[in-house]
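Encoded as structure tokens, the structure appears first; notes follow it.
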Amino acid sequence: MPGAGNTRARYRRILRFAGWNLAVTWWYELFLPRIGLAGVAERTRSKRMRRFAQRFHVLAIDLGGLMIKVGQFMSSRLDVLPPEITAELAGLQDEVPPVPFPAIRALAEAELGLPLDRAYASIDEEPIAAASLGQAHRARLAPLDAADTGLEHVVVKVQRPGIDEIVDVDLAALRKVAGWLSHVRLVSNRVNTHALVEEFAQTSLEEIDYLHEAANAERFAAEFADDDRVSVPAIAWERTTRRVLTLEDVTAIKVTDAAALAAAGIDPADVAPAFAAVMFDQLFTNGFFHADPHPGNIFVTPLPVVDGSAKRSWKLTFIDFGMMGEVPAGTRSGLRKLLIAAASRDGKGLVDAVRDVGVLLPSADTGELERAMTQLFARFGGMGFAELREVDPREFRDFAEEFGHVVRSLPFQLPENFLLIVRAMSLTSGVCSALDPEFNLWDSIEPYATKLIRDERGNVVQDLAKQAVEIAGIAVGLPKRLDALATRIEEGSVAVSNPTLERRVARLERTTRRAVSAILFGGLLVAGAVIRADDVVLGTVLMIASVLPLLHALFAGRSGR
């Protein structure tokens with residue numbers, strides 16, 4: 001059990017790590033560009049990101065607890081974090097050292113209220129898995145319990161001793177860091193850090209409640225009760241408490257173990273689209289989804305082959321239901337629109353769907369973004385993972401340079417309850433590409449989007465009717481708008497703008513003003529230092545006065561960015 005001293009030391013260590021790296025990021029990404037040294041930040045960025053990830057990796061392994069979870073979340077954020085970070089943190093999934101069995105035995109016996117040799121016929125002391133919050137051991141139920149439950153071979157999950165206190169400390173530290181980040185406009189404009197941490201906190205607290213996990217497993221099983229693609233382990237409730245979970249042993253072939261799949265006569269290329277479809281069902285239809293579908297939590301279970309049967313000879317078995325997510329009805333509708341727009345390569349539809357989901361604020365001017373998405377679809381829309389890897393990196397770089405300012409300028413935000421959705425989709429994409437490098441996500445999206453359109457035909461008709469009303473409204477108001485435009489042309493008050501040119505001119509003006517201020521700062525500082533030798537008062541005044549142009553050089557134009 002962690003003592004009070006260890007708790008304080010843990011808290012301080014997390015804050016020291018966060019504080020130092022925030023300071024380094026501020027120096028390179030905000031301060032240096034303001035004084036004309038953006039090139040230095042660019043040249044060192046890759047190395048700095050890799051060093052940060054390596055140091056966080058060490059911190060997470062050393063501290064365990066939620067730091068492992070934070071690292072796992074970062075490793076799955078391929079959409080926003082550079083590969084230097086995601087690649088370094090990917091190994092956190094399997095690197096947690098196990099707790100010695102005597103400590104596990106003591107906690108389990110205290111929870112169950114009887115010795116382990118009475119609770120189970122046998123239990124393996126060597127864990128089959130060790131995670132950041134608990135670990136799992138194989139066991140056999142006693143004959144009477146086996147008869148009652150219909151289970152004999154089970155897996156017993158036991159929490160790590162003292163994990164409650166560790167989680168409390170880690171959440172307190174994360175809330176403190178979220179407070180710091182909320183004062184950084186670059187971050188606060190994109191995401192509500194407090195809400196993000198509270199979402200993470202709720203998920204983490206649910207994950208250390210095994211009664212909650214058991215209920216999730218049964219709900220998930222009910223969602224797929226009539227689906228022969230999916231199976232879920234049964235729960236032995238008689239041997240389950242908040243800190244001990246006993247469930248059916250469903251260990252089979254790890255979903256990304258290509259050699260074992262091939263030995264069982266299963267083609268990994270067939271598993272990828274089936275897995276993607278099952279995840280789509282969870283996210284876009286059921287609204288209750290497995291938020292941690294990494295390869296260790298998904299098995300492929302071979303089925304007996306019936307002579308003459310053309311049915312699938314395997315099923316997907318999901319385990320570990322501690323991290324589950326729910327998609328609100330409104331968000332689910334937006335996600336469906338997003339999927340349909342992606343399948344039809346509709347740039348405008350995609351942007352509208354992103355707005356509906358809540359990622360883009362309603363006030364955003366999205367014309368440029370729509371054009372960017374249309375070009376992105378035209379060039380990369382139908383490619384699989386293998387094809388994308390073969391694309392010249394310069395093409396991606398050119399696209400980023402052309403439209404990077406669009407993404408940076410638009411008011412994006414990360415809505416509440418969205419973190420787990422992004423994580424689930426990122427992990428799904430990773431599993432599918434590991435199963436089949438040639439896997440084309442579009443091939444799975446298109447038939448699924450077609451099915452959604454068919455299932456929601458009534459909604460589509462309503463949308464068309466709504467669009468017709470909107471078009472009629474525009475048509476009614478068009479003559480008045482044309483008359484107003486003609487009047488403005490006659491008065492010479494029509495303004496034509498080029499956003500890109502205006503941005504560059506404004507940036508040039510700000511740079512010029514700051515350069516003048518920087519020269520003035522240097523002149524006053526040097527003059528003060530020289531004069532101070534003969535006139536202390538005047539020299540000191542000049543040196544103090546040099547602070548004013550320095551502040552202008554550093555911070556002028558901040559609001560214009």
Side-chain angles (χ1 to χ4, degrees), residues 1-25 48-77 81 84-104 106-107 127 129-136 157-181 193-194 196-210 243 291-292 294 296 320 322-323 419 423:
M1 298 285 285
N6 289 339
T7 297
R8 286 193 296 270
R10 180 186 185 91
Y11 180 80
R12 288 196 298 267
R13 185 173 174 187
I14 295 171
L15 292 189
R16 277 200 306 271
F17 180 89
W20 168 254
N21 283 283
L22 282 174
V24 169
T25 301
R48 284 186 287 111
M49 294 296 177
R50 192 177 300 110
R51 187 183 301 125
F52 162 79
Q54 290 168 346
R55 288 174 176 168
F56 185 87
H57 196 147
V58 172
L59 177 78
I61 292 297
D62 193 26
L63 293 181
L66 290 190
M67 293 301 101
I68 294 283
K69 289 294 177 186
V70 171
Q72 290 171 354
F73 268 96
M74 288 196 292
S75 73
S76 68
R77 292 308 304 271
L81 292 177
E84 292 88 351
I85 291 179
T86 57
E88 177 64 32
L89 297 179
L92 276 174
Q93 199 67 61
D94 303 309
E95 291 188 25
V96 188
V99 175
F101 189 72
I104 292 293
L107 188 148
S132 54
L133 305 181
Q135 63 190 50
K157 288 181 63 173
V158 183
Q159 274 188 16
R160 287 181 169 251
I163 195 64
D164 288 326
E165 292 87 346
I166 290 173
V167 167
D168 287 344
V169 171
D170 290 358
L171 288 178
L174 290 174
R175 289 183 175 111
K176 188 73 170 180
V177 175
W180 294 345
L181 290 172
T193 53
H194 291 293
L196 196 65
V197 169
E198 291 311 314
E199 182 184 350
F200 183 77
Q202 179 183 348
T203 303
S204 302
L205 292 172
E206 289 175 352
E207 204 171 351
I208 59 174
D209 182 352
Y210 286 163
R243 292 182 174 85
D292 197 21
H294 66 77
D320 195 348
M323 190 186 296
L419 183 64
R423 174 176 172 79

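FYI, the numbering just counts along the sequence from 1. Keep in mind that what you see is a predicted model, and the values were worked out from it rather than measured.
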I need the minimum non-hydrogen distance between A173 and L15, along with the two atoms involved. O-CD2, 3.7 Å
Ignoring hydrogens and angles, tell me if any N or O in the side chain of Q135 forms a donor-acceptor pair with the backbone of V99 under 3.5 Å. yes
Working to the nearest 0.5 Å, report the span between NE2 of H294 and CZ of R423. 7.0 Å
Measure the CD-CG distance between E165 and N6 for me, rounded to the nearest 0.5 Å. 11.5 Å
Check against side chain to side chain contact (heavy atoms under 4.5 Å, CB included), V197 and T193: CA-CA 6 Å; V197 169; T193 53; 5.5 Å; no
Sub-3.5 Å donor-acceptor pair from the side chain of R160 to the main-chain atoms of A131, do we have one? yes
Interatomic distance, OG1@T7 vs CG@D168, rounded to 0.5 Å, equals 9.5 Å
Please report the C-alpha distance between E198 and Q202 in whole Å, then the side-chain angles of each, then the deciding distance to 0.1 Å, and finally whether the side-chain hydrogen bond (donor to acceptor under 3.5 Å, both in side chains) criterion is met. CA-CA 6 Å; E198 291 311 314; Q202 179 183 348; over 6 Å; no
Minimum side-chain heavy-atom gap T25-F52 below 4.5 Å: no
State, yes or no, whether a side-chain contact exists between D320 and K157 at a heavy-atom distance under 4.5 Å. yes
I'd like to know whether I85 forms a side chain to side chain contact (heavy atoms under 4.5 Å, CB included) with F56, so could you lay out the CA-CA distance, the side-chain angles of the two residues, the decisive distance to 0.1 Å, and finally the verdict. CA-CA 10 Å; I85 291 179; F56 185 87; over 6 Å; no
S132 and G65 have their tightest heavy-atom pair at CB-O, 3.5 Å
Within 6.0 angstrom of W20 CH2, more than 12 heavy atoms from elsewhere: no
Does the side chain of Q159 reach to within under 4.5 Å of the side chain of D164, using non-hydrogen atoms? yes
Within a strict 4.5 Å, meaning less than it, do heavy atoms of the V177 and F17 side chains meet? no
Is there a side chain to side chain contact (heavy atoms under 4.5 Å, CB included) between M67 and D62? Walk through the geometry before answering. CA-CA 9 Å; M67 293 301 101; D62 193 26; over 6 Å; no
I68 vs I61, test: side chain to side chain contact (heavy atoms under 4.5 Å, CB included). Steps then yes/no. CA-CA 7 Å; I68 294 283; I61 292 297; 4.1 Å; yes
State whether K69 and D170 are salt-bridged, where the test is any N-O pair (Lys NZ or Arg NE/NH1/NH2 against Asp/Glu carboxylate O) under 4.0 Å. no
Specify the closest pair of heavy atoms between F200 and L66, including all atoms of both residues, with the distance to one decimal. CE2-CD1, 4.1 Å
Looking at CD1 of I208 and CG of L133, how far apart are the two atoms once the value is rounded to the nearest 0.5 Å? 7.0 Å
Heavy-atom nearest pair, P127 first then P98, reads CG-CB, 3.8 Å
Could you grab the distance from atom CG of L59 to atom CZ of R13, nearest 0.5 Å is fine? 5.0 Å
For A172 and Y11, the nearest pair of non-hydrogen atoms, with its separation, is C-CE1, 3.8 Å
